[in-house]
Number of protein chains: 2
Amino acid sequence: MARKSGSHSEITGPRIRTEAQRLFARHGFAAVSMRQIAAAVGLQAGALYLYTPDKETLLFDLLKGHMDDLLAAWARVPAAATPLGRLESFVRFHIRFNLERAEAVFLSYMELRNLGPANFAAIENLRRAYENELEAILRAGQAEGGFLLPDSKLATLAIIAMLTGVNIWFREGGRLALATVEEIYWDMVRKAVGA
Amino acid sequence: MARKSGSHSEITGPRIRTEAQRLFARHGFAAVSMRQIAAAVGLQAGALYLYTPDKETLLFDLLKGHMDDLLAAWARVPAAATPLGRLESFVRFHIRFNLERAEAVFLSYMELRNLGPANFAAIENLRRAYENELEAILRAGQAEGGFLLPDSKLATLAIIAMLTGVNIWFREGGRLALATVEEIYWDMVRKAVGA
DNA sequence: TTTGATATTGAACGGCTGTTCAGATAGCCT
DNA sequence: AGGCTATCTGAACAGCCGTTCAATATCAAA
(Lines give C-alpha, C1' and ligand atoms only; values in the text may rest on other atoms or scores of the structure.)
Protein backbone atom coordinates (compact mmCIF):
# COMPACT_ATOMS: atom_id res chain seq x y z
CA MET A 1 0.00 0.00 0.00
CA ALA A 2 1.54 3.21 1.15
CA ARG A 3 3.35 4.78 4.03
CA LYS A 4 1.18 5.61 6.99
CA SER A 5 2.80 6.64 10.23
CA GLY A 6 5.55 9.18 9.91
CA SER A 7 4.33 10.18 6.50
CA HIS A 8 5.76 13.58 5.86
CA SER A 9 2.70 14.88 4.06
CA GLU A 10 0.75 14.93 7.29
CA ILE A 11 3.34 17.28 8.71
CA THR A 12 4.36 19.24 5.63
CA GLY A 13 0.82 20.18 4.58
CA PRO A 14 -0.08 22.02 7.78
CA ARG A 15 3.36 23.59 8.01
CA ILE A 16 2.98 25.04 4.53
CA ARG A 17 -0.36 26.54 5.50
CA THR A 18 1.02 27.95 8.74
CA GLU A 19 4.03 29.57 7.11
CA ALA A 20 1.99 30.86 4.18
CA GLN A 21 -0.48 32.49 6.55
CA ARG A 22 2.30 34.09 8.53
CA LEU A 23 4.05 35.45 5.43
CA PHE A 24 0.87 36.56 3.63
CA ALA A 25 -0.30 38.41 6.73
CA ARG A 26 3.09 40.02 7.23
CA HIS A 27 3.90 41.10 3.69
CA GLY A 28 0.75 40.64 1.63
CA PHE A 29 -0.24 37.89 -0.77
CA ALA A 30 1.29 39.42 -3.89
CA ALA A 31 4.54 40.30 -2.15
CA VAL A 32 5.25 36.74 -1.00
CA SER A 33 6.71 34.24 -3.45
CA MET A 34 6.23 30.51 -3.50
CA ARG A 35 9.99 30.22 -3.01
CA GLN A 36 9.78 32.23 0.22
CA ILE A 37 7.03 29.99 1.56
CA ALA A 38 9.00 26.89 0.58
CA ALA A 39 12.15 28.23 2.23
CA ALA A 40 10.25 28.93 5.46
CA VAL A 41 9.15 25.30 5.54
CA GLY A 42 12.53 24.01 4.43
CA LEU A 43 11.58 22.86 0.95
CA GLN A 44 12.16 23.70 -2.68
CA ALA A 45 9.37 25.61 -4.39
CA GLY A 46 8.35 22.69 -6.58
CA ALA A 47 7.38 20.60 -3.55
CA LEU A 48 4.58 23.02 -2.65
CA TYR A 49 2.65 21.82 -5.68
CA LEU A 50 2.19 18.44 -4.02
CA TYR A 51 -0.04 20.30 -1.56
CA THR A 52 -1.77 23.00 -3.56
CA PRO A 53 -2.64 23.29 -7.24
CA ASP A 54 -1.58 26.94 -7.29
CA LYS A 55 -0.88 30.00 -5.17
CA GLU A 56 -4.41 31.40 -5.22
CA THR A 57 -5.88 28.13 -3.99
CA LEU A 58 -3.39 28.16 -1.12
CA LEU A 59 -4.77 31.57 -0.11
CA PHE A 60 -8.35 30.43 -0.59
CA ASP A 61 -7.82 27.39 1.63
CA LEU A 62 -6.52 29.66 4.38
CA LEU A 63 -9.49 32.04 4.14
CA LYS A 64 -12.02 29.25 3.82
CA GLY A 65 -10.50 27.39 6.76
CA HIS A 66 -10.65 30.51 8.89
CA MET A 67 -14.29 31.21 8.10
CA ASP A 68 -15.24 27.58 8.73
CA ASP A 69 -13.44 27.66 12.07
CA LEU A 70 -15.17 30.92 12.98
CA LEU A 71 -18.66 29.63 12.25
CA ALA A 72 -17.97 26.30 13.92
CA ALA A 73 -16.59 27.95 17.05
CA TRP A 74 -19.57 30.30 17.31
CA ALA A 75 -21.93 27.33 16.88
CA ARG A 76 -20.28 25.74 19.91
CA VAL A 77 -21.00 28.77 22.13
CA PRO A 78 -24.01 27.91 24.33
CA ALA A 79 -26.99 30.08 23.37
CA ALA A 80 -28.08 32.35 26.21
CA ALA A 81 -31.74 32.56 27.09
CA THR A 82 -32.30 36.22 26.15
CA PRO A 83 -31.25 38.33 23.14
CA LEU A 84 -29.27 40.54 25.51
CA GLY A 85 -27.42 37.51 26.81
CA ARG A 86 -26.78 36.23 23.29
CA LEU A 87 -25.51 39.66 22.22
CA GLU A 88 -23.10 39.71 25.14
CA SER A 89 -21.90 36.23 24.18
CA PHE A 90 -21.37 37.35 20.61
CA VAL A 91 -19.38 40.45 21.60
CA ARG A 92 -17.09 38.52 23.91
CA PHE A 93 -16.73 35.62 21.46
CA HIS A 94 -15.90 37.85 18.50
CA ILE A 95 -13.22 39.83 20.33
CA ARG A 96 -11.63 36.75 21.84
CA PHE A 97 -11.71 34.54 18.75
CA ASN A 98 -10.39 37.22 16.43
CA LEU A 99 -7.54 38.15 18.76
CA GLU A 100 -6.51 34.51 18.97
CA ARG A 101 -6.20 34.37 15.19
CA ALA A 102 -5.06 37.85 14.29
CA GLU A 103 -3.17 36.74 11.18
CA ALA A 104 -6.10 34.84 9.72
CA VAL A 105 -8.46 37.76 10.41
CA PHE A 106 -6.06 40.19 8.80
CA LEU A 107 -5.86 37.98 5.72
CA SER A 108 -9.61 37.56 5.50
CA TYR A 109 -10.12 41.31 5.37
CA MET A 110 -7.18 42.27 3.19
CA GLU A 111 -6.60 39.62 0.58
CA LEU A 112 -10.10 38.90 -0.68
CA ARG A 113 -9.28 40.83 -3.83
CA ASN A 114 -6.68 38.25 -4.81
CA LEU A 115 -9.38 35.61 -5.19
CA GLY A 116 -11.08 34.77 -8.46
CA PRO A 117 -14.85 35.40 -8.68
CA ALA A 118 -15.91 31.91 -7.60
CA ASN A 119 -13.57 31.74 -4.61
CA PHE A 120 -14.46 35.31 -3.67
CA ALA A 121 -18.17 34.48 -3.67
CA ALA A 122 -17.59 31.44 -1.49
CA ILE A 123 -15.84 33.48 1.21
CA GLU A 124 -18.40 36.26 0.94
CA ASN A 125 -21.21 33.79 1.60
CA LEU A 126 -19.51 32.55 4.75
CA ARG A 127 -18.96 36.10 5.91
CA ARG A 128 -22.61 36.89 5.32
CA ALA A 129 -23.65 33.78 7.24
CA TYR A 130 -21.65 35.04 10.21
CA GLU A 131 -23.20 38.49 9.95
CA ASN A 132 -26.64 36.89 9.87
CA GLU A 133 -25.93 35.26 13.23
CA LEU A 134 -25.55 38.69 14.81
CA GLU A 135 -28.42 40.22 12.90
CA ALA A 136 -30.75 37.46 14.12
CA ILE A 137 -29.84 38.37 17.69
CA LEU A 138 -30.50 42.05 17.06
CA ARG A 139 -33.84 41.33 15.39
CA ALA A 140 -34.90 39.13 18.28
CA GLY A 141 -34.01 41.85 20.74
CA GLN A 142 -35.91 44.35 18.64
CA ALA A 143 -38.98 42.11 18.50
CA GLU A 144 -38.91 41.65 22.25
CA GLY A 145 -38.67 45.40 22.69
CA GLY A 146 -35.40 45.27 24.62
CA PHE A 147 -33.28 46.74 21.81
CA LEU A 148 -33.89 50.07 20.18
CA LEU A 149 -32.12 50.43 16.84
CA PRO A 150 -33.08 52.14 13.60
CA ASP A 151 -31.71 49.48 11.23
CA SER A 152 -30.68 45.96 12.21
CA LYS A 153 -28.48 45.40 9.14
CA LEU A 154 -26.49 48.58 9.69
CA ALA A 155 -26.23 47.88 13.38
CA THR A 156 -24.85 44.44 12.52
CA LEU A 157 -22.14 45.84 10.27
CA ALA A 158 -21.36 48.68 12.66
CA ILE A 159 -20.93 46.35 15.63
CA ILE A 160 -18.76 43.88 13.72
CA ALA A 161 -16.56 46.67 12.37
CA MET A 162 -16.20 48.11 15.84
CA LEU A 163 -15.30 44.76 17.43
CA THR A 164 -12.91 43.71 14.68
CA GLY A 165 -11.14 47.04 15.15
CA VAL A 166 -9.78 45.70 18.44
CA ASN A 167 -7.33 43.62 16.41
CA ILE A 168 -5.65 46.76 15.10
CA TRP A 169 -4.40 48.03 18.42
CA PHE A 170 -4.70 45.33 21.10
CA ARG A 171 -1.39 43.88 22.31
CA GLU A 172 -0.97 41.25 24.99
CA GLY A 173 0.54 42.89 28.06
CA GLY A 174 -0.59 46.37 27.02
CA ARG A 175 -2.44 48.95 29.09
CA LEU A 176 -5.61 46.86 29.33
CA ALA A 177 -6.21 43.17 29.95
CA LEU A 178 -8.37 41.25 27.48
CA ALA A 179 -11.15 40.85 30.05
CA THR A 180 -11.24 44.60 30.60
CA VAL A 181 -11.38 45.28 26.88
CA GLU A 182 -14.26 42.82 26.52
CA GLU A 183 -16.08 44.61 29.32
CA ILE A 184 -15.62 48.07 27.82
CA TYR A 185 -16.71 47.03 24.35
CA TRP A 186 -19.69 45.14 25.70
CA ASP A 187 -20.69 48.28 27.57
CA MET A 188 -20.50 50.36 24.40
CA VAL A 189 -22.38 47.82 22.28
CA ARG A 190 -25.10 47.42 24.88
CA LYS A 191 -25.63 51.16 24.97
CA ALA A 192 -25.49 51.47 21.18
CA VAL A 193 -28.38 49.02 20.75
CA GLY A 194 -30.36 50.90 23.36
CA ALA A 195 -30.44 48.15 25.98
CA MET B 1 14.32 79.93 -18.79
CA ALA B 2 11.98 77.00 -19.10
CA ARG B 3 8.56 76.07 -20.30
CA LYS B 4 5.73 77.30 -18.07
CA SER B 5 2.16 77.20 -19.34
CA GLY B 6 1.10 73.93 -20.88
CA SER B 7 4.02 72.18 -19.31
CA HIS B 8 3.20 68.51 -19.30
CA SER B 9 4.59 67.91 -15.85
CA GLU B 10 1.75 69.84 -14.28
CA ILE B 11 -0.65 67.42 -15.90
CA THR B 12 1.38 64.21 -15.86
CA GLY B 13 2.29 64.39 -12.18
CA PRO B 14 -1.28 64.39 -10.86
CA ARG B 15 -2.37 61.86 -13.45
CA ILE B 16 0.32 59.45 -12.29
CA ARG B 17 -0.85 59.84 -8.71
CA THR B 18 -4.49 59.35 -9.69
CA GLU B 19 -3.85 56.22 -11.72
CA ALA B 20 -1.47 54.80 -9.14
CA GLN B 21 -4.07 55.27 -6.40
CA ARG B 22 -6.74 53.61 -8.50
CA LEU B 23 -4.54 50.63 -9.36
CA PHE B 24 -3.03 50.22 -5.87
CA ALA B 25 -6.50 50.28 -4.31
CA ARG B 26 -7.86 47.82 -6.86
CA HIS B 27 -5.06 45.25 -6.94
CA GLY B 28 -2.74 46.06 -4.05
CA PHE B 29 0.60 47.83 -4.01
CA ALA B 30 2.78 44.79 -4.60
CA ALA B 31 0.57 43.46 -7.39
CA VAL B 32 0.80 46.62 -9.50
CA SER B 33 3.89 47.23 -11.62
CA MET B 34 5.39 50.54 -12.59
CA ARG B 35 4.73 49.55 -16.20
CA GLN B 36 1.01 49.15 -15.47
CA ILE B 37 0.84 52.61 -13.91
CA ALA B 38 2.75 54.10 -16.82
CA ALA B 39 0.47 52.39 -19.34
CA ALA B 40 -2.62 53.76 -17.56
CA VAL B 41 -1.21 57.28 -17.93
CA GLY B 42 0.01 56.66 -21.47
CA LEU B 43 3.74 56.66 -20.76
CA GLN B 44 6.71 54.35 -20.71
CA ALA B 45 7.81 53.14 -17.29
CA GLY B 46 11.00 55.18 -17.32
CA ALA B 47 9.08 58.45 -17.45
CA LEU B 48 7.59 57.81 -14.00
CA TYR B 49 10.99 58.40 -12.48
CA LEU B 50 10.78 62.06 -13.48
CA TYR B 51 7.99 62.31 -10.89
CA THR B 52 8.95 59.92 -8.10
CA PRO B 53 12.31 58.59 -6.91
CA ASP B 54 10.89 55.09 -6.47
CA LYS B 55 7.71 53.06 -6.10
CA GLU B 56 7.52 53.21 -2.31
CA THR B 57 7.75 57.00 -2.32
CA LEU B 58 4.89 57.11 -4.80
CA LEU B 59 2.78 55.16 -2.32
CA PHE B 60 3.95 57.28 0.59
CA ASP B 61 3.01 60.50 -1.23
CA LEU B 62 -0.50 59.13 -1.75
CA LEU B 63 -0.93 58.15 1.89
CA LYS B 64 0.64 61.37 3.19
CA GLY B 65 -1.52 63.46 0.86
CA HIS B 66 -4.65 61.71 2.04
CA MET B 67 -3.88 62.21 5.71
CA ASP B 68 -3.00 65.86 5.16
CA ASP B 69 -6.26 66.38 3.28
CA LEU B 70 -8.19 64.64 6.05
CA LEU B 71 -6.74 66.76 8.82
CA ALA B 72 -7.08 69.97 6.79
CA ALA B 73 -10.71 69.22 5.92
CA TRP B 74 -11.57 68.49 9.54
CA ALA B 75 -9.86 71.71 10.61
CA ARG B 76 -12.20 73.59 8.26
CA VAL B 77 -15.32 72.14 9.90
CA PRO B 78 -16.78 74.85 12.19
CA ALA B 79 -16.47 73.79 15.83
CA ALA B 80 -19.87 73.37 17.50
CA ALA B 81 -20.46 74.92 20.89
CA THR B 82 -20.92 71.70 22.87
CA PRO B 83 -19.05 68.38 22.94
CA LEU B 84 -22.23 66.67 21.78
CA GLY B 85 -22.43 69.01 18.80
CA ARG B 86 -18.76 68.50 18.00
CA LEU B 87 -19.18 64.74 18.21
CA GLU B 88 -22.07 64.88 15.78
CA SER B 89 -19.97 66.99 13.42
CA PHE B 90 -17.15 64.48 13.63
CA VAL B 91 -19.39 61.50 12.90
CA ARG B 92 -20.98 63.13 9.88
CA PHE B 93 -17.66 64.49 8.64
CA HIS B 94 -15.84 61.17 8.94
CA ILE B 95 -18.49 59.18 7.10
CA ARG B 96 -18.85 61.74 4.35
CA PHE B 97 -15.16 62.47 3.81
CA ASN B 98 -14.15 58.81 3.79
CA LEU B 99 -16.86 57.84 1.35
CA GLU B 100 -15.78 60.59 -1.02
CA ARG B 101 -12.25 59.15 -1.06
CA ALA B 102 -12.86 55.45 -0.73
CA GLU B 103 -9.74 54.47 -2.66
CA ALA B 104 -7.41 56.63 -0.57
CA VAL B 105 -8.97 55.34 2.66
CA PHE B 106 -8.60 51.77 1.51
CA LEU B 107 -4.93 52.37 0.70
CA SER B 108 -4.28 54.08 4.01
CA TYR B 109 -5.55 51.09 5.94
CA MET B 110 -4.13 48.32 3.76
CA GLU B 111 -0.76 49.33 2.41
CA LEU B 112 0.96 50.79 5.44
CA ARG B 113 3.06 47.65 5.67
CA ASN B 114 4.73 48.46 2.35
CA LEU B 115 6.31 51.56 3.87
CA GLY B 116 9.78 51.67 5.35
CA PRO B 117 10.05 52.48 9.09
CA ALA B 118 10.46 56.25 8.65
CA ASN B 119 7.59 56.64 6.20
CA PHE B 120 5.44 54.33 8.31
CA ALA B 121 6.06 56.43 11.41
CA ALA B 122 5.15 59.62 9.55
CA ILE B 123 1.75 58.25 8.53
CA GLU B 124 1.15 56.78 11.97
CA ASN B 125 1.71 60.18 13.55
CA LEU B 126 -0.86 61.79 11.29
CA ARG B 127 -3.32 59.02 12.04
CA ARG B 128 -2.77 59.52 15.75
CA ALA B 129 -3.29 63.26 15.38
CA TYR B 130 -6.67 62.58 13.80
CA GLU B 131 -7.62 60.15 16.57
CA ASN B 132 -6.64 62.78 19.13
CA GLU B 133 -9.19 65.17 17.61
CA LEU B 134 -11.97 62.73 18.44
CA GLU B 135 -10.56 61.80 21.81
CA ALA B 136 -10.44 65.49 22.81
CA ILE B 137 -14.15 65.73 22.06
CA LEU B 138 -14.90 62.63 24.11
CA ARG B 139 -12.83 63.87 27.04
CA ALA B 140 -14.56 67.24 26.95
CA GLY B 141 -17.95 65.53 27.00
CA GLN B 142 -16.79 63.36 29.86
CA ALA B 143 -15.57 66.36 31.86
CA GLU B 144 -18.85 68.16 31.31
CA GLY B 145 -20.68 65.07 32.50
CA GLY B 146 -22.69 64.67 29.29
CA PHE B 147 -20.85 61.56 28.10
CA LEU B 148 -20.57 58.35 30.05
CA LEU B 149 -17.76 56.11 28.83
CA PRO B 150 -15.36 53.81 30.60
CA ASP B 151 -12.26 54.64 28.50
CA SER B 152 -11.91 57.56 26.13
CA LYS B 153 -9.05 56.04 24.11
CA LEU B 154 -10.93 52.80 23.47
CA ALA B 155 -14.08 54.69 22.67
CA THR B 156 -12.11 56.74 20.15
CA LEU B 157 -10.78 53.67 18.37
CA ALA B 158 -14.12 51.89 18.55
CA ILE B 159 -16.01 54.81 17.04
CA ILE B 160 -13.49 55.35 14.24
CA ALA B 161 -13.49 51.64 13.38
CA MET B 162 -17.27 51.62 13.33
CA LEU B 163 -17.52 54.70 11.12
CA THR B 164 -14.79 53.65 8.72
CA GLY B 165 -16.63 50.34 8.32
CA VAL B 166 -19.27 52.19 6.29
CA ASN B 167 -16.80 52.26 3.42
CA ILE B 168 -16.92 48.48 3.14
CA TRP B 169 -20.57 48.18 2.24
CA PHE B 170 -21.98 51.60 1.27
CA ARG B 171 -22.82 52.03 -2.41
CA GLU B 172 -24.34 55.11 -4.01
CA GLY B 173 -27.93 54.33 -4.99
CA GLY B 174 -28.18 51.42 -2.56
CA ARG B 175 -30.92 50.75 -0.03
CA LEU B 176 -30.09 53.80 2.08
CA ALA B 177 -29.19 57.38 1.18
CA LEU B 178 -26.03 58.88 2.63
CA ALA B 179 -27.99 61.25 4.85
CA THR B 180 -29.92 58.32 6.33
CA VAL B 181 -26.74 56.39 6.99
CA GLU B 182 -25.25 59.41 8.73
CA GLU B 183 -28.36 59.67 10.86
CA ILE B 184 -28.32 56.01 11.87
CA TYR B 185 -24.64 55.97 12.75
CA TRP B 186 -24.92 59.21 14.67
CA ASP B 187 -27.75 57.66 16.67
CA MET B 188 -25.64 54.62 17.52
CA VAL B 189 -22.58 56.68 18.43
CA ARG B 190 -24.59 59.03 20.60
CA LYS B 191 -26.07 56.14 22.51
CA ALA B 192 -22.69 54.38 22.79
CA VAL B 193 -21.13 57.37 24.56
CA GLY B 194 -24.10 57.52 26.89
CA ALA B 195 -25.43 60.86 25.70
C1' DT C 1 15.98 -7.44 0.35
C1' DT C 2 13.11 -6.23 -3.00
C1' DT C 3 9.09 -3.60 -4.29
C1' DG C 4 6.69 0.46 -5.13
C1' DA C 5 4.39 4.41 -3.73
C1' DT C 6 5.37 8.83 -1.35
C1' DA C 7 7.93 12.81 -0.99
C1' DT C 8 11.24 15.88 -2.66
C1' DT C 9 14.90 18.01 -5.57
C1' DG C 10 16.86 20.92 -9.00
C1' DA C 11 16.79 22.64 -13.28
C1' DA C 12 14.29 24.71 -16.72
C1' DC C 13 10.30 27.55 -19.01
C1' DG C 14 8.74 32.18 -20.66
C1' DG C 15 7.75 36.22 -18.72
C1' DC C 16 7.67 39.98 -15.57
C1' DT C 17 10.10 43.10 -11.88
C1' DG C 18 12.08 48.09 -10.38
C1' DT C 19 15.30 51.01 -12.00
C1' DT C 20 18.82 53.45 -15.06
C1' DC C 21 20.25 56.13 -18.91
C1' DA C 22 21.72 57.60 -23.55
C1' DG C 23 19.28 59.46 -27.01
C1' DA C 24 15.13 61.37 -29.40
C1' DT C 25 11.26 64.70 -29.23
C1' DA C 26 8.76 68.71 -28.47
C1' DG C 27 7.58 73.42 -27.39
C1' DC C 28 8.68 78.05 -24.93
C1' DC C 29 11.91 81.98 -25.22
C1' DT C 30 14.93 85.03 -27.38
C1' DA D 1 14.56 80.66 -36.99
C1' DG D 2 17.39 78.77 -33.74
C1' DG D 3 18.57 77.40 -29.24
C1' DC D 4 17.54 75.42 -24.87
C1' DT D 5 15.58 72.48 -21.75
C1' DA D 6 11.74 69.99 -19.87
C1' DT D 7 9.85 65.74 -21.16
C1' DC D 8 9.71 61.21 -22.76
C1' DT D 9 11.20 56.83 -25.26
C1' DG D 10 13.16 52.38 -25.75
C1' DA D 11 16.45 49.35 -24.66
C1' DA D 12 19.07 47.27 -21.30
C1' DC D 13 20.31 45.48 -16.44
C1' DA D 14 20.29 41.74 -13.09
C1' DG D 15 17.11 39.24 -10.82
C1' DC D 16 12.78 37.16 -9.35
C1' DC D 17 8.05 35.22 -10.66
C1' DG D 18 4.60 30.85 -10.75
C1' DT D 19 4.68 26.57 -12.50
C1' DT D 20 6.20 22.04 -14.65
C1' DC D 21 8.62 17.77 -14.72
C1' DA D 22 12.13 14.16 -15.14
C1' DA D 23 15.06 12.23 -11.91
C1' DT D 24 15.94 10.88 -7.22
C1' DA D 25 15.70 9.95 -2.40
C1' DT D 26 13.08 7.93 1.40
C1' DC D 27 10.82 4.51 3.79
C1' DA D 28 6.57 1.15 4.93
C1' DA D 29 5.06 -3.17 3.35
C1' DA D 30 5.90 -7.70 1.38
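- Residue L48(A) contributes atom CG, which lies 12 Å from atom P of dC17(D) at whole-angstrom precision.
- As judged by a 4.0 angstrom heavy-atom cut-off over every strand, L43(B) is placed among residues touching the sugar-phosphate backbone only.
- For I16(A) and dA7(C), the CD1 to P distance is 11 Å, given to the nearest whole Å.
- If you check dT19(D), dT8(C), dG18(C) against the side chain of L50(A), the one that comes closest is dT8(C).
- At whole-Å resolution of the value, OH in Y49(B) and P in dT19(C) are 3 Å apart.
- In this model, the phosphate group of dC16(C) is not approached by any side-chain N or O of S33(B) to a distance below 4.0 Å at OP1 or OP2.
- Nearest to the side-chain atoms of A47(B) among the listed nucleotides dT8(C), dC8(D), dG18(D) stands dC8(D).
- Across dG18(C), dT19(D), dA7(C), the shortest atom-to-atom separation from the side chain of Y51(A) is found for dA7(C).
- We find that CG of D54(A) is positioned 8 Å from P of dT20(D), with the value rounded to whole Å.
- Annotation: Y185(B) is not in aromatic contact with H94(B) [ring centroid separation under 6.0 Å not met].
- Between the CZ atom of F24(B) and the C1' atom of dG18(C) there is a distance of 12 Å, rounded to whole Å.
- In this structure, a donor-acceptor pair under 3.5 Å is present between the side chains of S152(A) and E135(A).
- Straight-line distance from the CE atom of M34(A) to the C1' atom of dT9(C): 16 Å, rounded to whole Å.
- Q36(A) comes within 4.0 angstrom of the backbone, heavy atoms only, and of no base.
- Rounded to whole Å, the distance from CD on Q44(B) to C1' on dT25(C) is 14 Å.
- Looking only at side-chain heavy atoms (C-beta outward), H66(B) and L107(B) stay at 4.5 Å or farther from each other.
- Using a 4.0 Å heavy-atom distance criterion, V41(B) is classed as making no nucleic acid contact.
- Following chains of ILVMFWY side-chain contacts shorter than 4.5 Å, one can reach L134(B) starting from W169(A), so the two form part of one hydrophobic cluster.
- For L23(A) and dC17(D), the CG to P distance is 12 Å, given to the nearest whole Å.
- The phosphate of dC8(D) has OP1 or OP2 within less than 4.0 Å of a side-chain N or O from T12(B).
- Between D187(A) and R190(A) there is a salt bridge, since a side-chain N of the basic residue sits under 4.0 Å from a carboxylate O of the acidic one.
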